[in-house]
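As C-alpha cells, the structure follows; a few thoughts come after it.
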Amino acid sequence: MGPVFDWVILDSPPTLPVADALTLAEVCDGVLTVIRAAQTGFDSAQKSCQQLREKNLLGVALNCADEGTSYGSYYSEELKTGIVN
C-alpha cells in the first residue's frame, strides 16, 4: 500500500495481552503507542514501550488525561501508594 498512499494507519489490540500488535509492528515503518492515563499502570507502560522500541517506536500518546492532574502527580501518587491502576 505504500506506493499508493502517503500514510497507512493500522489500529491493533493492546500490546501486552496478545501478540497481534507486535506482529503488525514487524511490517510497519513506525509505531505509535497510546497509553491511557490513570488506567495503564506504569510498569505495563514501560514494558509495552520496551517491546515496541525494538520495532521502531516513533512516539507515545497519552490519552484520557485529567486536565487538573499534572504528569508528575499521576506517577508520584502511584509511587507513594504502591497502587497500580
message = Looking at every non-hydrogen atom in both residues, tell me the closest pair between Val18 and Pro13 and how far apart they are.
response = CG2-CB, 3.7 Å
query = Looking only at heavy atoms, which two atoms of Ala37 and Ala65 are closest? And how far apart?
reply =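 In this case the closest contact between Ala37 and Ala65 is CB-CA, 3.6 Å.
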Decide yes or no for [X] and [Y]: does some side-chain heavy atom of the first lie under 4.5 Å from some side-chain heavy atom of the second?
{"X": "Gln51", "Y": "Leu16", "answer": "yes"}
{"X": "Val8", "Y": "Leu10", "answer": "yes"}
{"X": "Leu22", "Y": "Leu52", "answer": "yes"}
{"X": "Asn56", "Y": "Val31", "answer": "no"}
{"X": "Leu58", "Y": "Leu32", "answer": "no"}

query = In terms of heavy-atom contacts, does CG of Asp29 have more than 12 from other residues, nucleotides or ligands at under 6.0 Å?
reply =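 Not more than 12 within 6.0 Å, no.
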Can you tell me how far the [atom1] atom of [X] sits from the [atom2] atom of [Y], to the nearest 0.5 Å?
{"X": "Gln39", "Y": "Ser44", "atom1": "CD", "atom2": "OG", "answer": "11.0 Å"}
{"X": "Ile35", "Y": "Gln46", "atom1": "CD1", "atom2": "CD", "answer": "10.0 Å"}
{"X": "Cys28", "Y": "Leu57", "atom1": "SG", "atom2": "CG", "answer": "12.0 Å"}

query = Which residue, Cys49, Ser12, Pro14, forms the side chain to side chain contact (heavy atoms under 4.5 Å, CB included) with Thr33?
reply =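 Among the candidates, only Cys49 passes.
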task = For the pair Thr23 (side chain) and Ala19 (backbone), establish whether a donor and an acceptor sit closer than 3.5 Å, ignoring hydrogens and angles.
result =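 Answer holds: yes.
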